[in-house]
Structures are given as C-alpha cells and as structure tokens.
Amino acid sequence: MMAFKKQLASALAGVALFSAQASMAAETWDMPLAYTATNYHSELAASFAEDVNAKAGDEIKIVTHAGGSLFKGSEIFGAVRRGLAPIGERLVSALGNEDPIFEIDALPFLATSFDESWKLYQASKPAMEKVLKKKRLKLLYAVPWPPQGLYANKPVNDLTDMKGVKFRAYNASTSKLAQMMGAIPTKIETAELSQAFATGVAESMISSGSTGYDRKLWEHVSHWYDVQAWLPKNMVVVNLKAWKKLSPETQQVMLDAAAKAEKAGWAKSRELADWYKEQLAANGMKVDVASPELKDGFKKLGAEMVEDWLKRAGDNGRDAIAAYNKM
Ligand code: PCA
C-alpha cells in the first residue's frame, strides 16, 4: 500500500511538474489595444505579436485585443502599470495626468511633419523613458498618427466659427484647445466616436484622416481641414516586472521585433496619410487646406499652450525641447 501511495505521489508530482513546465513553456501575454483591429496601429501590433510568437513561442504567446475589448483606451496604461496586462498600447499625449512630458506629443505646431515628429520623438525619448522607468514600465516602440486636422459639420474659415461647437477631445490638450477657441469639449475615446457623432454629443474634433476613416465620420460631418497641427504617437509599453521574468533571449526577440515594428509603422503612417484624405473625399467629405486665418488662429493658441506646458513640464520638458531645437 505504501509503495503504491509513493508511486502515485511521484506520478502526481510528475504531472504537476509537467504542467508547470507546459505553462512556463508558453505564457500568454494579453496585449490590449484601443483602436479598431483594421487600423494600421492594431495591425502592426498584431504582426509584432506574430513575430515574437514565431521566434519565442516556447516562452510567450502574445495575444492582441483590439478596439478596447480587453481594457478601454483610457484604462490600458494603468492596467499595464499595475500588471493586469503585461503589455499594451496607449496614445502618449493622453497621459498628461501621469506626467506632463507625455503632452509634448500633442503641442500644437511644435512638430508638424513626419520628419519633425521623428526628431521630436528622438529628443523626448530619454525624458519619456526616465518617467516610464519610475512607473516600472519599459517603452518598446512608438508610431505616429498622420497629421491632425479639423473635422466640422460646417465650413470653418477662422476660429470664431468654432464658438459654441461641441468638440470631441482625446486628451487634456485638445480639451484645452477647445476651451481656448470657445468650443465645448467632451473627452471621448475612439471606440465611442461614431456613437458620439451620431447622437450629436460631438460635432467636431481634431484628429487624423485615419480615425475619420476608421469611424466613417463622413456619415456625420461634412468638412475636414488639413491643419497639420501635430502628429501624436501611440506607444507600446511593457510592465518591467513581467519583462524581467523573460529569458534574455526572449527579451532580445521582443526588442528586435519592436525595432522592426517601429520602422514599419512610421513608414506605414507616412504612406497612408494621403490615402486617408482621399478616402474622406471619396466618401463625400469636403477635404481642404486650412485657411491662413484658421491656421494663424491655431498657431496663436498653440504658442500659448507651449508656454504654459513649459512651466508645468520642468527640467524634463525643457531638456526635451532644447534637444529638439538642436536637431
Ligand atoms: N486618432 C486618435 C488619436 C489621434 C488620431 O489621429 C483619436 O482620434 O483618438
């Protein structure tokens, strides 16, 4: 009887060991994303995951969850920070309440082209990484949205046309900008955009052609002005505790996949920028350049916002701007 019990115990231990190894062999990493699965940011995250899984699949399996299906856009950063998800993607400039450095990404007219935006990224990366490290996070890659323009349900010649208009904001800066132009801001995540415009909760917003295309904004608004105000980025961050549990080989696989994704993502955003504009027009929207008056109006407000931000952002912000100006 004793011998049998011993045998059973060791068999069970074997099973336990085997399943421990099996689960260690491929730990699932859920990767929440805020944007729709067909958006290029989400597709990029999916191919990043595939790349990692193909090379390090015996250790981790990254599973992407697009469209805010696992965590809403506004919850993703906190979820990764708290370890509820080991990895996730978030709009950098929406994290101003975490630290002002993240707002550098949506300061109007600071960086208005892909080239300038890349420089701003390089200039602000050390400061961003410092802040992320304090939050026990690691930056893997960041990819821009195309230049931001103005969606409206009527012609807008200058900023006075925006007075009293319900304005959808995606971060504190766009809320502030709306207030400064006398519009009425409401913060809404992209996943809820179509609904907000359909019900009249929002009548205008500043965003890329990409998001207007994804959300079929032509069903609700008539105009898009190519203001080229800034190019906000999404970033993919990983929880440092989860990161440190990975083998050095898998860490390297992820770093390589991230570098590849970042390069491909910047190229894709550039490539798609004009295509999105064409799609808005093809679906009946009036796509136009911003009038000099409108652009000047935004530029004035932008300059005030940069000044205000510099006061709040401290040394980190000043260093990043100084580095950017030297590039
Ligand atoms: N689309 C996202 C952020 C910037 C952009 O172009 C949005 O509208 O929420």
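Nothing fancy with the numbering, it's 1 onward along the sequence. Indexing begins at 1, ligand by ligand and atom by atom, following the structure's order. No hydrogens, no waters, no symmetry mates; every other heavy atom, side chains included, goes into these values.
- With a heavy-atom cut-off of 4.0 Å, Met205 does not touch ligand 1 at all.
- Here Pro232 has side-chain heavy atoms under 4.0 Å from ligand 1, and that is the only part of it that gets that close.
- Between Tyr170 and ligand 1, a contact under 3.5 Å exists for no N or O pair.
- Using a 4.0 Å cut-off between heavy atoms, Arg168 contacts ligand 1 through its side chain alone, with no backbone atom that close.
- Taking the ring centroids of Phe197 and Tyr151, they lie at or beyond the 6.0 Å cut-off.
- Taking atom 6 (O) of ligand 1 as the reference point, the nearest protein heavy-atom neighbour is Ser208 OG, 2.6 Å.
- Those atoms of ligand 1 with a heavy atom of Gln148 less than 4.0 angstrom away are 4 (C), 5 (C), 6 (O).
- If you number the atoms of ligand 1 from 1 as listed, the ones under 4.0 Å from a heavy atom of Thr190 come out as 7 (C), 9 (O).
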Mind listing the side-chain donor-acceptor pairs of residues 254-263 below 3.5 Å, one per line with the distance, residues two or more places apart or on another chain?
residue	atom	partner	partner atom	Å
Asp256	OD1	Gln252	NE2	3.0
Lys260	NZ	Asp51	OD2	3.2
Glu262	OE1	Tyr121	OH	2.6
Glu262	OE1	Ala142	N	2.9

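- Formation of a donor-acceptor pair under 3.5 Å by the Thr174 side chain with backbone atoms of Tyr170 is found in this model.
- In summary, the aromatic rings of Tyr35 and Trp145 are positioned with their centroids under 6.0 Å apart.
- Within 6.0 Å of atom NZ in Lys268, 12 or fewer heavy atoms from other residues, nucleotides or ligands are found, so the atom counts as exposed in its surroundings.
- Linking Ile, Leu, Val, Met, Phe, Trp and Tyr whenever their side-chain heavy atoms come within less than 4.5 Å leaves Ile184 and Met205 in two separate clusters.
- In this structure, the protein non-hydrogen atom closest to atom 2 (C) of ligand 1 is Thr211 OG1, 3.5 Å.
- Using cut-offs of 30° and 60° on the angle between ring planes, the pair Phe109 and Phe298 is tilted.
- In terms of protein heavy-atom proximity, atom 5 (C) of ligand 1 is closest to Ser207 OG, 3.2 Å.
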